Amino acid sequence: MCSSVNNPYLLLTPGPLTTTSTVRETMLHDWCTWDEEYKTLVQSIRQSLLQVANVSNEKYTVILMQGSGTYCVESVITSSIPAHGKLLVVMNGAYGERIGTIASSIGINWTSFRTEETHQPDIESLRQVLAADSAITHVAVVHCETTTGMLNPIQEISEVVKEFDKTYIVDAMSSFGGITMDIEQMDIDYVISSANKCIQGVPGFGFIIANRSTLQTCKGQSRSLSLDMYDQWETMEEQEGKWRFTSPTHTVRAFRQALDELQAEGGVSERERRYMENQNTLVRGMRALGFSTLLSDDNQSPIITAFQYPEHSTFSFDAFYNELKSRGFVIYPGKVTNLATFRIGNIGNVHAADIDRLLEAVKESKYWELTTV
Ligand SMILES: *Cc1c(COP(=O)(O)O)cnc(C)c1O
């Protein structure tokens, strides 16, 4: 199987990612936005997302929001935290940091609980932070920290967050649809993701899976008009699939197709299995070539893997990147603060056979060398 048919290269980046040709084909038409047919499509997407999330329609609802994933994170932060509220951000990477930057830029009172990028947050210390600061009303955490590939313990965190009765926000951007999670059992109030990650659509909008009763407290609270999550929800709900402002019609069509393909693949658990196979194949092969992963295996998600630059050679990331690109594979630069790393994603229409071809290309690439054979 060759996923790069009709594509100049295979994207091994965590979104935008390699989509199927059937997802891309839906975008070859100009679709109208306002009529019943379109609104029915939008409603079907909202319904399907509840199914993918495995949550009930009574307890949860879905808001679709224009923009990239960050717009959705900002939408939740600006709309859900009241004037007197305080946000605690659990951080161990760039996407956690970004939530703090969002809070600062809109003047929300916030604090952080920081852990090294290569470590999971310590739950007992988190409990102490919450016990010591009763002003905190909301807690946000990134599920898969795409910076490193770290899978954060959202289940254990939920237990502490709910023990202190806080609102729980999870940035599941790069994990939703690709990793099974029990949102209802964890009592997450807002789960955020976007079209171009594990659902395998194209960029243009994101979505929020919101606890209905928590969402009800957000009316009139947003500091932004276009990012007002409550307003967007109210229009979508009352006008049955209408977006307040121009919707990304091509992306929405592609997303419907991508959801159908997720279901045809066997749902989230099957997709997770494929991603795990990709990741296992990748790590086994890269280790055999002398590369080391940044994270220990027990912290590693099946979404993306960070590798350290080889120590022993005159390794150049740019040259390595260009060489692999010319061979049909686009990898991703590193993002951790104090170690030289690069990243390889496993998500998208990518299969173990593609990873085998990548490993062959890495092996043949002349920009790194094994010193010990
Ligand atoms: C991709 C991603 C985002 C959103 O990034 P955008 O560039 O705005 O789409 C946010 N959080 C995580 C964990 C991500 O992986």
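Bear in mind that the values here come from a model prediction, so they are computed numbers and not experimental data. Counting convention: from 1, in listed order, for ligands and their atoms alike.
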For residues 105-113, run the donor-acceptor check on the side chains, cut-off 3.5 Å, and write out each pair with its distance to 0.1 Å, sequence neighbours left out.
{"from": "S105", "atom 1": "OG", "to": "I102", "atom 2": "O", "distance (Å)": "3.0"}
{"from": "W110", "atom 1": "NE1", "to": "S104", "atom 2": "OG", "distance (Å)": "2.9"}
{"from": "S112", "atom 1": "OG", "to": "R114", "atom 2": "NH1", "distance (Å)": "3.0"}

Is R46 salt-bridged to E237, cutoff N-O under 4.0 Å? yes
Can you tell me how far apart CG (L87) and NZ (K166) are? Round to the nearest 0.5 Å. 12.0 Å
Between E234 and K219, is the closest basic N to carboxylate O distance under 4.0 Å? yes
Identify all pairs of nitrogen or oxygen atoms, one from ligand 1 and one from the protein, separated by less than 3.5 Å, and list them with distances.
{"from": "ligand 1", "atom 1": "8 (O)", "to": "S68", "atom 2": "OG", "distance (Å)": "2.5"}
{"from": "ligand 1", "atom 1": "8 (O)", "to": "G69", "atom 2": "N", "distance (Å)": "3.4"}
{"from": "ligand 1", "atom 1": "8 (O)", "to": "T70", "atom 2": "N", "distance (Å)": "2.8"}
{"from": "ligand 1", "atom 1": "8 (O)", "to": "T70", "atom 2": "OG1", "distance (Å)": "2.5"}
{"from": "ligand 1", "atom 1": "9 (O)", "to": "G69", "atom 2": "N", "distance (Å)": "3.1"}
{"from": "ligand 1", "atom 1": "11 (N)", "to": "D171", "atom 2": "OD1", "distance (Å)": "3.4"}
{"from": "ligand 1", "atom 1": "11 (N)", "to": "D171", "atom 2": "OD2", "distance (Å)": "2.7"}
{"from": "ligand 1", "atom 1": "15 (O)", "to": "T146", "atom 2": "OG1", "distance (Å)": "2.5"}
{"from": "ligand 1", "atom 1": "15 (O)", "to": "K197", "atom 2": "NZ", "distance (Å)": "2.8"}

Donor-acceptor pair, distance only, cut-off 3.5 Å: does the side chain of T61 make one with the backbone of N57? no
Does the pair R273/E270 count as a salt bridge with the N-to-O cut at 4.0 Å? yes
